[in-house]
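Just so it is clear, the model here is predicted, and its values are computed rather than measured. Chain letters run A, B, ... following the sequence lines, proteins first and then strands; every chain starts at 1.
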Number of protein chains: 2
Amino acid sequence: MTGHKRLTQNDIAKLAGVSQATVSLVLNGAPTALARIPAETRERVQGVIRTTGYVADPIARRMAKGLNRILGVFTYEPAFPSAQADFFTPFLLGIEEEAQQQNYDLLLLTSAGVGNNRKIFSENNRLRIADGCLVLGREFDRKELARLVAEDYPFVAIGRRDDAGGPVPYVGGDYAAGTRQLVEEAVLLGHSKLAYVGPEGTAESIADRWRGFCSALGEGPKLALHVDAVNRPAGEIVDGIVSSGATAAFFIELADAVRVEAAARERGLVVPQDFSMVVLGSHIRAGRSPVRFTSYKIPREEMGRQATAMLVNRIETGSVGSQILLTCETVAGETLGPCPLYPAKKRQSTKRIQ
Amino acid sequence: MTGHKRLTQNDIAKLAGVSQATVSLVLNGAPTALARIPAETRERVQGVIRTTGYVADPIARRMAKGLNRILGVFTYEPAFPSAQADFFTPFLLGIEEEAQQQNYDLLLLTSAGVGNNRKIFSENNRLRIADGCLVLGREFDRKELARLVAEDYPFVAIGRRDDAGGPVPYVGGDYAAGTRQLVEEAVLLGHSKLAYVGPEGTAESIADRWRGFCSALGEGPKLALHVDAVNRPAGEIVDGIVSSGATAAFFIELADAVRVEAAARERGLVVPQDFSMVVLGSHIRAGRSPVRFTSYKIPREEMGRQATAMLVNRIETGSVGSQILLTCETVAGETLGPCPLYPAKKRQSTKRIQ
DNA sequence: CTGTCGTGCTAATACGTATTAGCGTTAATA
DNA sequence: TATTAACGCTAATACGTATTAGCACGACAG
C-alpha cells in the first residue's frame with residue numbers, strides 16, 4: 001500500500017477534454033497519425049501533461065508494446081562483494097556507458113537464486129521483465145545457456161562460450177591469441193622449456209588459455225611442467241619449476257604468481273634473471289603487488305560496451321547476434337626476460353655486477 | 001521483433017485442460033482458494049508448468065498486482081566510471097546484498113538524463129517501473145527531492161538530506177560527530193590552532209563536516225586557517241598552514257591531503273612531527289597512498305544495506321521512512337600526533353636524531 | 001443530389017496476470 | 001423429495017498503455 005495515486009492517461013484525457021487514445025497518440029503517435037491531430041489539440045494535451053507532470057507507466061507500456069528499454073544483467077556471482085568487484089566493475093562500466101548512450105536502463109538480476117547457487121530460470125524468473133539480457137560470470141550453467149539459445153531469448157554473453165545447442169552470441173577476449181603471443185615472445189627470448197601453472201577447469205576462459213599455450217608450443221618449445229596451483233604451496237611450485245628445468249612459467253592466476261615470486265625471492269632467486277614469469281590476463285588488483293608482471297590486457301570495458309551494443313541490436317532488429325573476440329594486447333611488465341641459459345654468459349656477469 | 005513466443009498461462013491452461021484462472025490460482029492463490037482445488041488438478045497443472053518451464057511474466061504480474069519486487073537505484077553520476085566506482089561500489093555492495101536477501105532486483109536508472117545532467121524526472125521517467133527507489137549521489141537536486149517527497153513516492157536517500165518540503169527518509173553517516181570526535185582528539189593532543197582545508201559546498205555532506213568541526217571548536221581551540229583547496233597549489237597550502245601557526249590540518253578531500261603531505265615532505269617537514277593531518281572520511285583509494293592518514297570510516301556498505309531495508313519496509317508496509325545516522329568510527333592512522341609546541345622539547349630532539 | 005475524400009477524433013481491443021463473484025454438479029441433510 | 005452445502009472450477013474484469021479500425025462531420029467534385 002504505497003498510497004501515492006498514479007496519474008493515468010485517462011486523467012489527462014479528462015482534463016484536456018479528449019479521449020485516452022488521443023493522449024497516447026499525442027505522446028507517441030506515428031507521424032501519420034499525429035498529422036491528423038490539429039496543433040491546437042496537441043498543445044492543449046501537452047499543456048496538461050506539463051502542468052501535471054504526467055509520465056507514462058513503463059509497465060503498462062511494456063504490456064502494450066512488448067518492449068521497455070531495459071537490459072537485464074545476470075551475474076552468476078553477486079556483482080559487488082569486494083572479491084568480485086574488481087572483476088565485474090570494469091564490465092559494468094562499459095555496459096552502463098553503452099546502455100546510457102542507447103537510452104536503456106539496467107536491471108541487475110540479483111535475487112534470482114539462493115546463495116551461491118544462482119539460476120537464470122528460477123521460480124520467479126524476472127528475466128522477462130527486460131527486453132534482453134547480458135550474462136556474465138566465470139563459469140556458466142550449460143543447460144541454462146542451452147535453454148536461452150533454444151528459446152531464442154535475446155541475450156549476449158560476456159566471454160567466449162562454446163555452442164550450447166546452437167551458437168552462443170558473445171563478446172569475449174581472445175585469450176588464446178593473447179596467450180600464444182606471450183609464449184612466442186618467450187620463445188624468441190630463448191626459452192624452450194616452459195611451465196604452466198593453473199587449473200584444468202572446464203570453463204572456456206581457462207580452456208582457451210591452455211589451447212593458446214599448446215598451439216604456440218608447436219614443434220619448438222616444450223612443456224616441462226604443468227601444475228595446478230590450487231592448494232599447492234608456493235615453495236613447492238618454485239622447486240618444481242627449478243627442478244624441471246623450465247625457464248619461463250605461465251600463470252593463470254595472478255595470486256599464484258605473486259605467491260610464487262615471493263617464494264622464489266625467499267630462495268634467493270631473481271625474476272626474470274633466474275626464470276621468467278608471465279601472467280595470462282590482466283588483473284585489477286595487480287596494482288597491489290609491487291611486481292609488474294608481464295601479461296596481457298583484457299579489454300573488459302570494451303567487452304561490456306560491445307556486448308551491450310550487440311544486445312541492443314538483437315533486440316531492436318531481431319538479428320541473431322554474433323561471436324566477437326577482442327584482442328588482448330600484451331603488457332610488457334618486467335618479469336619476462338631472456339632465457340638464462342641460452343645467451344647466458346653476458347647476462348650472468350651483468351647480474352653479478354648489479 | 002524478438003521472435004520468441006512466450007508461454008502464457010493460457011497455454012498452460014489448455015495443456016492441462018483447465019482455465020487460465022485455475023493456473024493462476026495454482027501458482028499463487030490464497031490458501032483458502034487453493035483448498036478448493038483438489039490435489040490431483042494442482043499436480044496436473046504443476047506438471048505442465050514443470051515440463052514446459054513456464055514462468056509468469058513479471059510485467060503482466062505487476063500490471064495486475066501493482067508491485068514487481070524491483071528497487072530502482074538512481075545515481076546522479078554514472079556509477080561505474082573508475083573515478084566514481086570507488087565511491088559507489090561499497091554502497092552498491094550493501095544494496096545488492098540486502099536486496100538479494102529481501103528478494104528484490106535492482107534497476108539501475110542510468111538513462112535518465114543527458115550526459116552529466118541527470119534528472120530523476122526526465123521525459124521518460126522510468127522511476128515508476130520500480131516499486132521504490134534509492135537515491136544516491138554527492139549532491140542532490142533539491143527540487144527533485146521535494147517532488148519525490150510531495151508525491152509520496154517511496155524512496156530513501158543515501159546520505160543525510162535536509163528537509164525538502166518535508167522530512168527526507170535517509171540513511172547517512174554521522175559526519176558531524178565523526179569530525180567532532182577527531183577534532184577533540186586533536187585538542188587532547190594539545191592542538192589549539194587548527195586549519196580546515198576544503199570547499200564550502202552546499203551539499204549536506206560538506207556542511208555536516210563543517211558543522212561538526214565548528215561544534216568542537218567551542219571555547220578552546222581556534223580556527224587559524226580556512227582554505228578551499230580547489231585550484232590551490234599544495235605548496236601554497238603548506239605555507240599557509242605553517243605561517244598561520246596551525247598545528248593540525250583537517251581535510252575534506254583525501255586527494256588534497258596527499259598532495260599537501262607530499263609538498264610538506266618536499267619542504268623538509270614531517271607529519272605528524274611538524275604538524276598533524278586529519279582526513280574527514282574514509283576513501284577507498286587510500287590504499288594507493290603510502291601514508292595512512294588519520295580519519296574516520298564511513299560505513300558505506302552498512303548505509304546501503306540499511307537504506308535498502310528501509311525502502312523495502314516503506315514499500316511493503318506503507319511506512320513513511322525515517323532518518324538514520326550511522327556512526328563513523330575513527331581510524332587511528334599515523335598522521336595525528338601531539339602538538340609540536342605544547343609538549344614540544346622531547347619531540348624535537350627525537351626528530352633530530354632520526 | 002449523391003458520392004468521395006479528408007479531418008478530427010474515439011471505441012474497441014490486445015497485452016498476461018490476479019482476483020472476485022458465481023455457476024453447475026454432486027453429496028449430505030431435513 | 002426438496003433444500004442446502006460443499007466442491008471444483010470458470011467467466012469476467014481490472015490494471016494502463018498502444019494501436020487499429022472506423023465513426024461523424026463537412027467540403028468538394030461530379
Side-chain angles (χ1 to χ4, degrees), chain A residues 1-2 4-45 49 52 54-70 123-129 131, chain B residues 1-2 4-45 49 52 54-69 124-129 131:
Chain A
M1 213 184 304
T2 52
H4 58 287
K5 60 268 150 209
R6 268 192 72 61
L7 223 40
T8 72
Q9 286 190 348
N10 243 314
D11 301 326
I12 305 299
K14 274 172 203 151
L15 289 173
V18 295
S19 73
Q20 175 266 324
T22 304
V23 176
S24 179
L25 287 177
V26 166
L27 279 174
N28 21 253
T32 64
L34 266 179
R36 305 191 50 178
I37 299 176
E40 195 207 340
T41 307
R42 262 181 299 178
E43 270 158 32
R44 188 156 31 94
V45 172
I49 289 175
T52 56
Y54 163 86
V55 269
D57 181 347
I59 290 280
R61 212 169 165 130
R62 156 84 207 234
M63 262 307 272
K65 279 234 298 194
L67 294 181
N68 55 196
R69 297 199 87 78
I70 290 180
E123 228 182 297
N124 38 324
N125 176 329
R126 326 293 310 288
L127 212 56
R128 302 289 185 180
I129 207 171
D131 296 336
Chain B
M1 212 185 310
T2 53
H4 57 287
K5 59 268 152 206
R6 268 189 71 59
L7 273 179
T8 73
Q9 287 190 347
N10 242 314
D11 302 327
I12 306 298
K14 274 172 203 153
L15 288 172
V18 294
S19 73
Q20 174 266 324
T22 303
V23 176
S24 178
L25 287 177
V26 167
L27 279 174
N28 19 254
T32 63
L34 266 179
R36 305 191 49 177
I37 299 175
E40 195 207 339
T41 307
R42 262 181 299 179
E43 271 158 33
R44 187 155 32 94
V45 171
I49 288 175
T52 57
Y54 164 85
V55 271
D57 181 347
I59 290 278
R61 210 165 168 135
R62 153 86 207 233
M63 262 306 271
K65 281 235 295 196
L67 293 181
N68 55 196
R69 297 198 88 78
N124 38 324
N125 177 328
R126 325 293 309 288
L127 213 53
R128 301 289 185 179
I129 205 172
D131 296 336

Is any side-chain heavy atom of B/V23 closer than 4.5 Å to a side-chain heavy atom of B/V26? no

Please examine the side chains of B/I37 and B/L25, heavy atoms only from C-beta on, and report whether any two atoms are closer than 4.5 Å. yes

For the CD atom of A/Q9 and the CG atom of A/D57, what is their distance to the nearest 0.5 Å? 10.0 Å

Tabulated below should be each protein N or O lying under 3.5 Å from an N or O of nucleotides 7-9 of chain D; please produce it.
{"residue": "D/dG8", "atom": "N7", "partner": "B/R36", "partner atom": "NH2", "Å": "2.8"}
{"residue": "D/dG8", "atom": "O6", "partner": "B/R36", "partner atom": "NH2", "Å": "2.6"}
{"residue": "D/dC9", "atom": "OP1", "partner": "B/T41", "partner atom": "OG1", "Å": "3.1"}
{"residue": "D/dC9", "atom": "OP2", "partner": "B/T41", "partner atom": "OG1", "Å": "2.8"}

Using a 4.0 Å heavy-atom cut-off across all strands, classify A/S24 as base, sugar-phosphate, or nothing. base

Give A/N28 one of three labels, base, sugar-phosphate or nothing, depending on what nucleic acid heavy atoms sit under 4.0 Å from its own. sugar-phosphate

How long is the span from the OH atom in A/Y54 to the CG atom in A/L7, to the nearest 0.5 Å? 8.0 Å

Please check: side-chain N/O of B/R44 versus main-chain N/O of B/A16, any donor-acceptor pairing under 3.5 Å? yes

Identify the residue among B/V18, B/I49, B/L27 that makes a side-chain contact (heavy atoms from CB on, under 4.5 Å) with B/I12. B/I49

At the 4.0 Å heavy-atom cut-off to chain A, mark where contacts on DNA chain C begin and end, going 5' to 3'. C/dT7 to C/dG16

Note, B/T8 side chain near B/Q20 side chain (heavy atom, < 4.5 Å): no

Any side-chain heavy atom of B/T52 within less than 4.5 Å of one from B/L15? yes

Nearest-nucleotide check on DNA chain C, A/M63 vs B/K65; residue mapping nearer the 5' end is A/M63

